[in-house]
Structures are given as C-alpha cells and as structure tokens.
Amino acid sequence: MVEEDNEIGTQLLPRPRTSEASDDGDGIEGVAHFATPTTRRRVGITGLLALGFFWVSGGIFGNEALLLAGPPAYVFVCLLIAPVLYALPVAVMIGELGAALPYDGGLVAWVAEACGSAVGAQTVWWLWVATILDSAIYPILAAHYLSRRVDLSTLRPEGAPIQTETRLVATALIGLITTVKLGGINCMVRMTEALVVIAIIPVLVFVGCGLSTLDGPALTNSDTSDEVGGYDPALLTSWVLWLYSGFFSLGSLAGEVDNPRRVYPIVTLSLIPTVALFCIAPLAVSVSIDSNRTHYHAGHFDSIATSLVGDWLGVSFVVAACLSQIGLFNGDMVVAERSMASVFDTYIHGDDAQWGITRYLLIENGTGVAPIYIVFNAIVSAMLTWFSYEDLIQFQMMQSALCSLLFLYAFCWYKFRQPDLHRPFSVPGNTIGAVLLSSPVAILTLANMWFCAVDETPIFGIPYAKLVMFGIITGVGVLGHVLIFSCDTHVRRGKASMKAQYSLVVEPINDLLASPDNFDFDTASLHSSSSETRETSSSGVNELS
C-alpha cells in the first residue's frame, strides 16, 4: 500500500484534486481529493433508502436456498450474528466516509486515495466483476418465481436443455429494465421507490398471519445429515454475507446524494433493523409451517403463502418477488455502470461525439452515466444468466472480498492520516476504533474466501471452480491494467510530441497575429511609395513604346 499516486493506473481513475481546491475545505493540505460535483445531486433520503433496501436485501425472495445450505439452527444463528458483526460495522464506516468525503465512485475513490491509483484501478475491476456477477442472479430468481404460476416450458426450443426458458425470460427482463434506466436516474429512483412498497406489503401480510404458527423445535433443528438436506458452509456463509454486502454499494452514489452529511447516517442506520427483520421473520414463519428442507428451492415461499392464507397471497408473492428482483438488479447496475464509467470517462469524452448514435451513447443526459455503460453492462449480465444463481453468489462473494478488505484498509488509513478531517458522523476512537470496528468484517470475509476456495464442487466439470475463476478474473485484471497503461503511455507520448511541435510552429504565428503592434505601418509613407512605384512603371512603359 502506498500513499503517493503510483504512475501506473493514474489515468484509470477520475482526476484527483488537492484539498486546497475542495468545495468545503475539508482535508489536509496536499492530500489528493476526488471531485465532489454539486450540479448532479438528485437522490435524497427516500430515494437512497429505496435503492439501499434493494442493494442490501430486497425482501425474502430467493432466500429459500439458505435452508438448502444448512439446518434452521445454523441459518438463524448466522442471520443474527451477521447484522451485528458485519452489516453494522460496514454501515457505520460507509456512513462516515460518505458524509465526510462524498466522492463520485465512493469505495473506488476512497481506496484509490488511500492505496494509490494502481490499486484503485484494480479495485474498479474487482468491484465491477463482483457487481455484474451479482446482477445476473436477480433476473434468474424472478424467472424461477414466475415459472411457479406461468408455464414457461413452451418457450424452450426443441432439444434445448432444461431451464433454457428461465434464462430467456431473465434476458427479456434485463432488456425491459435497461429500457427504463435509459429514461434517466430520476425515472430509475421513482421506479425503485414504488417497487419497495410493492415488495414489502405481501411479506408483511405473510408474517402477520404466520406469527401464531411459530414452532420452536423446528426453528432450533440442527440436523446436518444428507437425508434432510446436508450442510454446505461455503454456500451458507456466502449467502448470509451476500444478504448484507449491499452496504458497500451505498457509497457509489455519494456524488449524487443531496446533503450527504445528513442523508448517509440516517439511511445506513435505518437499513440495519429493517433488513434484519425482513431476513429473519419470514424465514421463521416458513420453517414453522414446512420444516422439510428439501422443499426449499426458489419460489417455495409462494407455496407456503398459498397454504397459509390463500391463493391470492401466493400470487401476490410471485408479483412482489419479480418486482423485488427488478429492484435488486437495478441497484447493482447503478454500481456496475459507475465503476466502469470511472475508468473509461478518462478516455471517452462525450463532448467529442457530435453525430447520431455515437453522441447518444457517449453523452450523459439525465442517466447519471453515458448510456453506453448501461447497455454494455446489461449485455454482460444477460450472458451470465446461464449460470446457476447459487454458483453466481459464491463467485460474487469471493471476488468482492478483495474490494471489501481494501475498503477496510482505506477506512483505517483515513482515521490515521486525516484525524482532523471534518466528520459529521464519526466512529469514536480514531485509529484504534477503526481497527476494532473493521476486524470482525475482515475475519468473516476471509473465512468466506477460505470456505469457497477449498470447496471441491465442480462447475461445468471443473473441480475447485470458484478458486479457478477467482485466479482467472484476478489475472485478467492485472494483464488488462498493464495493457491499458502501455497504450495510454504511448498515446500520451504522441500527444506530448504534437504539443511540442504546436508550441514551436503555431504558437509564434498566433502571437504575431494577436498583437496589433506588429502591424503598425506609416500610412503616408505607404501611399508615397505606391505613387513612386506607379510613376516608375509608367516611364518604363513610355520608353518601350
């Protein structure tokens, strides 16, 4: 980790500025700060709460897989521990940095300032990969829930493998959401706020009607035998941490939040109890009604809700599940698009595009980022829907672990190097408090990486597939970083050469033309000289005649 900006990767991140030029004067002189734009702030408390709800939870839909990973006793212990040891520390840290340093890019900018631009550039890559993997999960889950009520098998081409129809539906959902997103960030926030209400109501009805059915023995069952579902520590830890990992994403909109010093503390601390309640209460009711773990595949909550209240609640669950997954997908896309934009906006300038579709794709026009990033991320996410959602979750959590650990380091670095930074919302204890707060998050993150790395379960016939994928993604990031830096160095040298030639040839001419004193002629002498010339020419003509 280095304090200074490393030359490699400097061009891969938004240009920093010194604290002397910062908008509010916070920070220490000479320490680079990323720009905090004031003209694009559109998201308030309600909007960030809605986006945060879907980033962090989005409801219970899809959580059936928790009971496939472990017995109810294990699941509920993990769900009770994670908010205290993982979600709360992350929420507090994001709240402090988001309020004190509302940089565009959030986590990426903080890591880049603490660790140098080279590490910051790699963080952009890791964050983008983790987010795009996560985004593909939600359309798949929505398609699974939809298949509980609608026969999708008619969409499967003849001879195609099973689940092809759910992947086709997932791709169609991605196309629909992308179309809405191209309408602008205000349209996206309003849509998300509406989805929160729709996703919450059926769950509240389900929990309210099912509280009387709670069964203590069923909730404390700890049988891990294969006959009742077995135990998969990699999937269990990945899924539980995944439920709360969305708190890291809250910082990505720091540059677009109105009054971040007030909004971030309110939003982060409000989401903790809300998300914990929505994870635990519906699952407890479900297990009390149906304790057979082998039934818990995506969409089983629909069956339980139907048996508890009636078919109308089951249908409501399907509708709410589909809309909830849309909101979750939408939240991930916000992070992925801004992560990509933070790199390529250095090279692609929308103002240079003056014609047709190029101008439309490269110029931000109310969408928060250039539309090309929205379209590209949607295409990649659609391709990833052909993996199973369980595998995608474990891939995503293993890849995002690097970003999480670097964020924890950056938080401690700010506490140590900038103790006088104005923090409207701060963790007490300075550096020691920061280390104590981040330690349980780091331990849980490393434990999850270990469980995933040693998991021998093959994917597409490849053993230790998660570890192999992790190595490939990391290697591609490093190789791509080196190639981009090499190309960028070549381009910058060419530009420097052209600038030198321009300064030697064009600038002196411009200076000459721009100064009126260089053209101060004696008009009388000019007329006299012209008359003499004409007389000489006339006499010469006469002599010839």
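Here the structure is a predicted model, which is why all the values come from computation and not from measurement.
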> Can you check whether Leu79 reaches Leu243 side chain to side chain, under 4.5 Å on heavy atoms?
Replying inline: yes
> Between atom CD1 of Ile374 and atom OG1 of Thr178, what is the distance when rounded to the nearest 0.5 Å?
Replying inline: 8.0 Å
>> Would the distance check show the side chain of Glu64 and the main-chain N or O of His300 forming a donor-acceptor pair, the cut-off being under 3.5 Å?
In response: yes
>> Would you compute the distance between atom CG of Leu236 and atom OH of Tyr231 and round it to the nearest 0.5 angstrom?
In response: 5.5 Å
> Where is the tightest heavy-atom contact between Pro89 and Leu437, given as atom of each residue plus distance?
Replying inline: CB-O, 3.5 Å
>> Which residue in the set Leu211, Leu219, Leu283 passes side-chain contact (heavy atoms from CB on, under 4.5 Å) when paired with Ser288?
In response: Leu219
>> With a 3.5 Å distance limit and no angle check, can you tell me whether Ser238 reaches the backbone of Leu235 through a side-chain donor-acceptor pair?
In response: no
> Can you name the closest pair of heavy atoms from Tyr409 and Cys115 and give their distance?
Replying inline: CD2-SG, 3.4 Å
> Could you walk me through whether His144 and Tyr389 pass the side chain to side chain contact (heavy atoms under 4.5 Å, CB included) check?
Replying inline: CA-CA 11 Å; His144 276 292; Tyr389 65 88; 4.1 Å; yes
> Is any side-chain heavy atom of Tyr414 less than 4.5 Å from a side-chain heavy atom of Glu96?
Replying inline: no
> Between Thr445 and Tyr86, is any pair of side-chain heavy atoms under 4.5 Å apart?
Replying inline: yes
> Can you check whether Ile473's main-chain N or O pairs, donor with acceptor, with Trp125's side chain at less than 3.5 Å?
Replying inline: yes
>> Does any part of the side chain of Phe206, heavy atoms only, come nearer than 4.5 Å to the side chain of Ser286, both counted from C-beta?
In response: yes
>> To the nearest 0.5 Å, what is the distance between CG on Leu308 and SG on Cys209?
In response: 6.0 Å
> Is Leu392 close to Ile140 at the side-chain level, that is, under 4.5 Å between some pair of heavy atoms?
Replying inline: yes
>> Looking at every heavy atom in both Ala336 and Asn377, which two are closest together, and how far apart are they?
In response: CB-OD1, 3.5 Å
>> If I take atom CG from residue Asn63 and atom CG from residue Leu68, how far apart are they, to the nearest 0.5 angstrom?
In response: 11.5 Å
>> What verdict does the side chain to side chain contact (heavy atoms under 4.5 Å, CB included) test give for Trp386 and Thr164, after you've listed the backbone C-alpha separation in whole Å, the side-chain angles of each residue and the deciding distance to 0.1 Å?
In response: CA-CA 8 Å; Trp386 294 86; Thr164 298; 3.9 Å; yes
>> For Phe301 and Tyr296, take the angle between the two ring planes, folded into 0 to 90°, and tell me which bin it lands in: parallel under 30, tilted 30 to 60, perpendicular over 60.
In response: perpendicular
> Which heavy atom of Cys412 sits nearest a heavy atom of Ser438, and at what distance?
Replying inline: SG-OG, 3.7 Å
> Do you know which two heavy atoms are closest between Ile174 and Ala378, and how far apart they sit?
Replying inline: CG2-O, 3.6 Å
>> Just verifying a value: how many Å separate Tyr138 OH and Met333 CE, rounded to the nearest 0.5 Å?
In response: 10.0 Å
> Are Met93 and Leu408 close enough, and set up right, to give a side chain to side chain contact (heavy atoms under 4.5 Å, CB included), and what steps lead you there?
Replying inline: CA-CA 8 Å; Met93 288 185 279; Leu408 298 177; 3.4 Å; yes
>> side chain to side chain contact (heavy atoms under 4.5 Å, CB included) for Val285 and Leu214? Distances and angles first, verdict last.
In response: CA-CA 6 Å; Val285 171; Leu214 291 180; 4.1 Å; yes
> Just by modelled atom types, is the Asp134 backbone N or O under 3.5 Å from a matching donor or acceptor in the Trp242 side chain?
Replying inline: no
> With a 4.5 Å heavy-atom cut-off, do Ile280 and Phe76 have their side chains touching?
Replying inline: yes
>> Side chains of Tyr145 and Gln325, heavy atoms from C-beta outward: is any pair under 4.5 Å?
In response: no
>> Donor-acceptor check, side chain of Thr474 to backbone of Gly471, threshold 3.5 angstrom: yes or no?
In response: no
> What heavy-atom pair brings Val108 and Gly120 nearest, and what distance separates the two atoms?
Replying inline: CG1-O, 4.1 Å
> Cut-off 3.5 Å, side chains only: do Ser381 and Ser135 have a donor facing an acceptor?
Replying inline: yes
> Rounded to the nearest 0.5 Å, how far does OG1 of Thr224 lie from CZ of Arg293?
Replying inline: 8.0 Å
> Do side-chain atoms of Arg167 reach the backbone of Leu384 as a donor and acceptor pair under 3.5 angstrom?
Replying inline: no
> Are Trp126 and Leu406 close enough that some pair of their side-chain heavy atoms sits under 4.5 Å apart?
Replying inline: yes
